[in-house]
Protein chains: 2
Amino acid sequence: MRDIATATGVSRSTVSRILNDAPLTVPIAARTRERVLAAARDVGYRPNPFARALHGAPTMLLGAIVRDITDPFFAGAIEAVSAEARTLGYNIVLGHAHAEATEAYALAAMLEARQCDAILLLGDMGDQPRLLDDLRDTHVPVVALWQGSELDLIPGVSVDNRSGIATAIGHLSALGHRRIAFIGGRLLGDIRERQAAYTEAMADLLGEVPPGYIQHVANKPGDGEAALRALMRLSPRPTAIVASTDVLAIGVLRGALVLGIRVPEELSVVGFDDIPMATFTVPALTTVRMPMAKMAAAAIAMAVGVTGRTVGDGASDVRHHGAEDGAHERANEGGDVVPRGRALARLFRPELVVRQSTGAAPVEHNPAARHRRPESHNGASPRDRSA
Amino acid sequence: MRDIATATGVSRSTVSRILNDAPLTVPIAARTRERVLAAARDVGYRPNPFARALHGAPTMLLGAIVRDITDPFFAGAIEAVSAEARTLGYNIVLGHAHAEATEAYALAAMLEARQCDAILLLGDMGDQPRLLDDLRDTHVPVVALWQGSELDLIPGVSVDNRSGIATAIGHLSALGHRRIAFIGGRLLGDIRERQAAYTEAMADLLGEVPPGYIQHVANKPGDGEAALRALMRLSPRPTAIVASTDVLAIGVLRGALVLGIRVPEELSVVGFDDIPMATFTVPALTTVRMPMAKMAAAAIAMAVGVTGRTVGDGASDVRHHGAEDGAHERANEGGDVVPRGRALARLFRPELVVRQSTGAAPVEHNPAARHRRPESHNGASPRDRSA
DNA sequence: CTGAAAGCGCTAACAC
DNA sequence: GTGTTAGCGCTTTCAG
């Protein structure tokens, strides 16, 4: 920048003003401006973000702490978040919460003196107490996505698990299912909500949850399969399974194939998340899908504030314009704001995607029942035609 | 930092020296040091990375440009890279190369005046010419992972596709297969190498590639399925399929299930990548696995040089020799250095993982052949027992 | 309308 | 051993 200043014979301050489009305080010289801009282009000028940040300017960096990128659900989540982030001019810095020892570290590195403008937590971090402690001591805004209900200290956005599960069970029950089992996996928070919703729905349906109908396993396909085997040893056997994630549901489908249980004729399976793979299972998986992009937008909006034209301190933070409006709209679109413990959360309602893994309940006395395969009881649900 | 200086009555420089553990130039006062460290801890001092970076210090940020995080293979790759990065004290900044318009942007943002110490390209970016142009104009080291052979300008690390395919085909041929087809997907570079290796191996085996035995599709399961359908319309039908990625192979397996083709009795399938899902297909997928962690380490080593950096905040005065040495070792372990166009590449040799999707070729005149299911011809291949 | 100067938090010559 | 003095590249009062 000094170069371009001397080159044009103007002072650094002027250059700075011009390059930052700061018409606030003073009108800029029409001609000088052109000259400076031209020079800047010639030199291939790029502002040094560090020098900027030194003055308290936003770093345009968003920290994202994810449990497991390898989980297809979170892979999709990161993609959504990073896409939305970039429309606002932010970049994503990745952090893992894998190893006990590592957690504090990743965090420290990301936080050091507001290196990030905000931090996003993807998934329930309930089992990472130190991380959360550290996070609490910081002044950067932290927002949680899918943190589940446990940690009510951090504001965030979540999916309405109750509604999702209720819809899934409603769908199954409309198909004649009563003996519906549940397989829980992944995160404490989400699992708990989904399971609670399941228990509640079952109370309406059967009065209670039959013993053994709730299986707890790790969130891996192999564990889903194991859970299925356990469920199939029960009597009466369930005729339908609600898996708390698609990953588990995939394991269930695999298990069914291996065990020779026909889906959906003998067993219906519903997943949760609608990961890309859900379209490609055999049969294609009926599942619950949430509005990823909207949720990502909402989370980022909460994190960095959708400042619109800002001007809190009359400083020069009037950068990005265009993208911001679109994001603003998107950020405010949908999502019920609800109190969540001591913080606020924005809850998004998921929708059921009916594919081929659910069908009429097998009924002993009335074999014809199989042929009655009602459309989803929920008119709003999209029908997915794929495979 | 100024606070802690005045608090202890010492000058800033001294504090800086102590906090940075700089015994190089001068011996430090034993007592003063303690005092300063204590004060630092009290204030909860965190060095401001921007001020540091302003002096040309490394930012400890690594840019990672990925085509598609949603691809399970790249999800795993990112995990490996970010794990390795962190043992060296680096953080990963994510960039997508998705949209045409976006690319230049993501890049620009990541580069602006060496915001990143180095840039990692994950996957073949051959179709993003502008990105590559921009990258060429920069002074940050750029290293490519799995760029394929096309772009020989960027140094990088890759998998030895030729060896992988050769091993896979060797395995199939040992099982009696001759009519082996190939399905190519994903990146231009990798596909080309794998396909070339296939063609070559087939020349040895059959003299030529039967017409239609090479299918080109997008790298999605659905496309793998479509390719299978196309292959099954051929005559003679292939008895085995080499898919250029596991994602495609999964589609093939799905297609086989749908079409009622038994795997491996009627059709053997080999994938490439060994994504986590490969264990959970039905039947479990025989595939080619590369040493991810080593490759990630090698790439990072090439990018930042294995400088043995200090990790952590100066305040706590922690140096992580352990991790760093391990990384160093890992970085130099394995991988043949080979010339690659104008740049150097480090090539890692993959290994075949034999699971259940490959079996003896169906032979008309000798049905007993099915029972001869030889162990892998390759003694070094690990046998995977899962499901 | 533009220039001069001070300083963001830290490091790096140089002195003392 | 420790303090002084400059800056890194940029923003930002405050004077011209």
Side-chain angles (χ1 to χ4, degrees), chain A residues 1-37 39-40 43-60 111-115 310-319, chain B residues 1-37 39-40 43-60 111-115 139 309-310 313-315:
Chain A
M1 167 159 142
R2 118 177 315 116
D3 301 352
I4 129 168
T6 60
T8 54
V10 190
S11 84
R12 269 91 114 307
S13 18
T14 310
V15 175
S16 172
R17 286 197 273 262
I18 295 178
L19 260 32
N20 287 322
D21 228 3
L24 346 138
T25 31
V26 283
I28 355 83
R31 280 249 316 282
T32 345
R33 152 167 234 165
E34 305 261 324
R35 236 174 353 126
V36 170
L37 287 178
V43 191
Y45 172 75
R46 294 223 163 278
N48 179 331
F50 300 117
R52 287 251 253 236
L54 216 36
H55 285 270
T59 66
M60 302 316 264
L111 287 193
E112 299 195 9
R114 71 183 181 301
Q115 190 158 160
T310 183
V311 198
D313 45 352
S316 78
D317 13 309
V318 227
R319 228 129 277 167
Chain B
M1 165 157 146
R2 114 177 316 116
D3 299 353
I4 129 167
T6 60
T8 54
V10 191
S11 84
R12 268 92 113 308
S13 22
T14 309
V15 175
S16 171
R17 284 200 272 263
I18 294 178
L19 259 32
N20 287 320
D21 226 3
L24 347 138
T25 31
V26 283
I28 356 80
R31 280 247 316 282
T32 346
R33 148 166 237 164
E34 306 259 324
R35 236 172 355 126
V36 171
L37 288 178
V43 191
Y45 171 76
R46 293 224 164 277
N48 179 329
F50 301 117
R52 290 244 249 248
L54 214 37
H55 285 271
T59 65
M60 301 318 265
L111 288 193
E112 300 197 5
R114 74 182 181 301
Q115 188 157 162
H139 49 289
R309 293 228 66 73
T310 299
D313 57 350

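Note: hydrogens, waters and symmetry copies are ignored here, and every other heavy atom, side chains too, is used. Below, chain A is the first sequence line, B the second, and so on; all start at residue 1. Just so you know, these numbers come straight off a predicted model, no measurement behind them.
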Is it the case that the base of [N] and the side chain of [X] share a donor-acceptor contact (distance under 3.5 Å, atom types as modelled)?
| X | N | value |
| --- | --- | --- |
| His55(B) | dG9(C) | yes |
| Arg17(B) | dG3(D) | yes |
| Ser16(B) | dA12(C) | no |
| Ser13(B) | dT4(D) | yes |

Handout entry: DNA chain C: 5'-proximal contact among Val10(A) and Ala51(A) (nearest heavy atom)
Key =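 Result of the comparison: Val10(A).
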Handout entry: Any donor-acceptor N/O pair, Arg35(A) side chain to Thr8(A) backbone, under 3.5 Å
Key =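 Such a contact is found between Arg35(A) side chain and Thr8(A) backbone.
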The side chain of [X] lies closest to which of these nucleotides: [options]?
| X | options | result |
| --- | --- | --- |
| Arg12(B) | dA13(C), dT11(C), dA4(C) | dT11(C) |
| Arg52(A) | dT11(D), dC8(C), dG3(C) | dT11(D) |
| Leu54(A) | dA5(C), dC10(C), dC8(C) | dC8(C) |

Ignoring backbone atoms, test whether [X] places a side-chain nitrogen or oxygen under 4.0 Å from the OP1 or OP2 oxygen of [N].
| X | N | value |
| --- | --- | --- |
| Thr14(A) | dG3(C) | yes |
| Thr32(B) | dG1(D) | no |
| Asn48(A) | dC8(D) | no |

